[in-house]
Every structure is written in structure tokens, then in C-alpha cells.
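Owing to the predicted nature of the structure, the values given are computational and were not obtained by experimental measurement. Sequence positions, counted from 1, serve as the residue numbers for this chain.
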Amino acid sequence: MSEDVPTEGSGVRVAVERDAETLAGLLRDFNAEFDTSTDPVEQVAARFARLIGGPAGFALLAEEDGSDGPTAYGFALVTLRPSVYADGPVAALDELYVRPDRRGGGTGSALVAAMRDELSARGCEEIQINVDSVDTGARRFYERLGFVNVERAEDGPMLCYIGPVTQ
């Protein structure tokens with residue numbers, strides 16, 4: 001994967017509430033690619049609008065200029081939470097997606113760089129990213145960008161457990 005900036009005529013920007021439907025469509029595409037069910041786009045768009053319209057998170061859009069206006073081809077969704085371990089919020093990169101035909105051109109790296117810039121401006125000190133252990137491509141991508149899943153060698157890899165609120 002190249003570390004180049006995305007193709008000329010394209011760029012990354014912080015999404016606003018009116019981008020919620022575009023973000024929901026990209027998430028639908030992402031989930032379809034990996035055979036994961038998704039709630040209806042309208043429902044997901046409403047959630048995106050609430051999330052990026054408040055202090056709990058933000059999204060970034062990778063777009064290119066076209067004759068009909070900008071066309072989105074990638075996004076990053078970041079949520080923020082307070083922590084006793086830092087003065088600023090702790091970030092979770094919930095989703096990072098680039099359409100298959102745009103992969104390998106530096107878009108993922110550009111989204112991560114823009115995310116880091118935005119988080120720095122918001123006083124955030126740490127980013128957490130959950131990656132499936134079998135997704136070696138994603139793991140290599142994040143490790144190449146300086147992320148780790150082992151803070152101390154004697155502790156081994158960090159794990160994430162997920163479960164329902166009620167049992």
C-alpha cells in the first residue's frame with residue numbers, strides 16, 4: 001500500500017451532519033463487502049447525524065471532485081470518551097473504509113493522518129483500534145502507521161471483549 005497522498009482532485013475533510021446519508025451508504029457498502037448485516041440506511045444516517053453533530057465523535061470523508069460535485073469513496077468514524085488516564089478524550093477508530101477500487105493509493109493513510117490531526121486539535125492523547133486477528137492486511141496497515149497491540153512484551157497482545165449489555 002502506498003503512502004502517497006490520494007489522487008489529485010481528491011482530499012479528506014471532517015464530515016458534517018448533512019453528510020450522514022453519504023456516510024451511511026459507505027458503511028452499508030463496507031458491511032456488504034464483508035457479509036455483515038446493516039440496519040437500513042435511513043436509520044444509520046440518523047445515528048451518524050446524532051454522533052457527528054455532537055461532542056461524542058466525528059467522521060472524515062475522502063472525496064474526489066467530479067462533474068456532478070464531490071464523490072465520497074472512503075471514511076473514518078471516530079468516537080470519543082473521557083478517561084481517568086488522560087486529560088483529554090480517548091478516541092476509538094470505529095470504522096475505516098476505502099472502496100476497493102480506491103485502495104492502495106494512500107487514502108487510508110490520508111484518513112489516519114487527518115484523524116490524528118483532528119484528535120490532536122481536540123486534545124486527545126490516545127487512539128484505540130479494534131482489528132480482527134485474522135485481518136492481517138489491516139493489522140499490517142495500522143502497525144506500519146505506528147499502532148501496536150503489545151505495550152510491554154511480557155504482557156502479550158491486547159484483546160478486546162464484546163458482549164451484550166443484558167444476558
Asker: Is any NZ, NE, NH1 or NH2 atom of the basic residue among Arg102 and Glu63 found under 4.0 Å from an Asp or Glu carboxylate oxygen of the other?
Answerer: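 A salt bridge is absent here (no side-chain N lies under 4.0 Å from a carboxylate O).
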Asker: With a 4.5 Å cut-off on side-chain heavy atoms, are Thr38 and Val44 touching?
Answerer: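 Yes. Closest side-chain heavy atoms under 4.5 Å.
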Asker: CZ/Phe58 to CG/Leu77 distance, rounded to the nearest 0.5 angstrom?
Answerer: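 Result: 9.0 Å between the selected atoms.
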Asker: State, to 0.1 Å, how close Ile162 and Cys160 come at their nearest heavy-atom pair, and which atoms those are.
Answerer: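 Of all heavy-atom pairs spanning Ile162 and Cys160, the closest is CG1-SG, 4.0 Å.
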Asker: For a 4.5 angstrom cut-off between non-hydrogen side-chain atoms, does Phe141 reach Val131?
Answerer: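 No; the side chains remain at least 4.5 Å from each other.
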Asker: Can you find a heavy atom in the side chain of Asp19 that is under 4.5 Å from one in the side chain of Phe75?
Answerer: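 Side-chain contact under 4.5 Å: no.
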Asker: At what distance, to the nearest 0.5 angstrom, does CG of Asn149 lie from CG of Asp155?
Answerer: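 Rounded to the nearest 0.5 Å, the CG-CG separation comes to 11.5 Å.
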Asker: Checking salt bridge (charged side-chain N to carboxylate O under 4.0 Å, His left out) for the pair Glu21/Arg47: CA distance, chi angles, key distance, verdict?
Answerer: CA-CA 10 Å; Glu21 192 169 327; Arg47 292 176 189 153; over 6 Å; no
Asker: Taking Leu61 as the starting point, is it possible to reach Leu96 by hopping between hydrophobic residues whose side chains are less than 4.5 Å apart?
Answerer: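 Leu96 and Leu61: separate clusters.
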Asker: Hey, is CD on Gln167 packed in by over 12 heavy atoms from elsewhere, all under 6.0 Å?
Answerer: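 Count not over threshold, so no.
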Asker: Any donor-acceptor pair under 3.5 Å linking the side chain of Thr36 with the backbone of Phe34?
Answerer: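 Pair found, side chain donor or acceptor close to backbone of Phe34.
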Asker: Nearest heavy-atom pair of Ser83 and Val90: which atoms, and what distance?
Answerer: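 Ser83 and Val90 have their closest heavy atoms at CB-CG2, 3.4 Å.
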Asker: Are Val41 and Leu26 grouped together when hydrophobic residues (ILVMFWY) are joined by side-chain heavy atoms under 4.5 angstrom apart?
Answerer: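 No, no single cluster joins them.
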Asker: Keeping Asn31 on the side-chain end and Arg28 on the backbone end, is there a donor-acceptor pair under 3.5 Å?
Answerer: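 Here the side-chain-to-backbone pair does not exist.
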Asker: Mark yes when over 12 heavy atoms from residues, nucleotides or ligands other than Asp101 sit less than 6.0 Å from its CG; otherwise mark no.
Answerer: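 Atom CG in Asp101 is crowded, with more than 12 foreign heavy atoms closer than 6.0 Å.
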Asker: Following the transitive rule for hydrophobic clusters with a side-chain heavy-atom cut-off under 4.5 Å over Ile, Leu, Val, Met, Phe, Trp and Tyr, establish whether Ile127 and Val12 coincide in one cluster.
Answerer: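 Result: yes, single cluster for both.
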Asker: Starting from Leu111, can I reach Phe147 by hopping between I/L/V/M/F/W/Y residues whose side chains sit under 4.5 Å apart?
Answerer: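 Yes; Leu111 is reachable from Phe147 via cluster members.
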Asker: Does a salt bridge link Arg122 with Asp117, judged by any charged N lying under 4.0 Å from a carboxylate O?
Answerer: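 Not counted as a salt bridge, because no side-chain N and carboxylate O are separated by less than 4.0 Å.
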Asker: Identify, with sequence neighbours excluded, every residue that meets side-chain hydrogen bond (donor to acceptor under 3.5 Å, both in side chains) alongside Thr79.
Answerer: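 Scan of Thr79 (side-chain hydrogen bond (donor to acceptor under 3.5 Å, both in side chains), adjacent residues dropped) gives Asp94.
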Asker: With a 4.5 Å limit on heavy-atom distance, are the side chains of Pro70 and Glu64 in contact?
Answerer: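 The answer is no; the side chains never approach within 4.5 Å.
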Asker: Tell me, with the steps shown, if Met115 and Leu60 meet side chain to side chain contact (heavy atoms under 4.5 Å, CB included).
Answerer: CA-CA 7 Å; Met115 174 187 68; Leu60 298 162; 3.8 Å; yes
Asker: Hey, could you give me the CG/OH distance between Asn130 and Tyr142, rounded to the nearest 0.5 Å?
Answerer: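 That separation rounds to 10.0 Å.
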Asker: So, do Glu143 and Val148 sit near enough that their side-chain heavy atoms are less than 4.5 Å apart?
Answerer: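 Contact flag for Glu143/Val148 side chains = no.
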Asker: Grab the two heavy atoms, one from Ala59 and one from Ile52, that are nearest each other, plus how far apart they are.
Answerer: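 Of all heavy-atom pairs spanning Ala59 and Ile52, the closest is N-CG2, 3.6 Å.
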Asker: Output yes when a side-chain donor or acceptor of Arg99 lies under 3.5 Å from a complementary backbone atom of Ala72, and no otherwise.
Answerer: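 Checking the backbone N and O of Ala72 against the side chain of Arg99, a donor-acceptor pair under 3.5 Å is found.
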Asker: Salt-bridge test for Arg139 and Asp132: reply yes if a basic N is under 4.0 Å from a carboxylate O, no otherwise.
Answerer: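 No, Arg139 and Asp132 are not salt-bridged.
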Asker: Do the side chains of Gln128 and Leu93 get nearer than 4.5 Å, heavy atoms only?
Answerer: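 In short, these two side chains do not touch, never coming nearer than 4.5 Å.
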Asker: Which heavy atom in Ala49 sits nearest to a heavy atom in Ala20, and how many Å separate them?
Answerer: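 Here Ala49 and Ala20 meet closest at N-CB, 3.7 Å.
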Asker: So which atom in Ala15 and which in Leu23 form the shortest heavy-atom distance, rounded to 0.1 Å?
Answerer: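 In terms of heavy atoms, the two residues are closest at CB-CD1, 3.9 Å.
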Asker: Do Val78 and Val16 share a hydrophobic cluster (ILVMFWY, side-chain heavy atoms under 4.5 Å, transitive)?
Answerer: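 No, it is not one cluster - the side chains of Val78 and Val16 are not joined through contacts under 4.5 Å.
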Asker: Return yes if some donor-acceptor pair links the side-chain N/O of Arg81 with the main-chain N/O of Pro89 below 3.5 Å, else return no.
Answerer: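 No: the side chain of Arg81 does not pair with the backbone of Pro89.
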Asker: Please determine whether side chain to side chain contact (heavy atoms under 4.5 Å, CB included) holds for the pair Arg103 and Tyr97, giving the CA-CA distance in whole Å, both sets of side-chain angles, and the decisive distance to 0.1 Å.
Answerer: CA-CA 9 Å; Arg103 292 182 190 152; Tyr97 176 67; 3.3 Å; yes
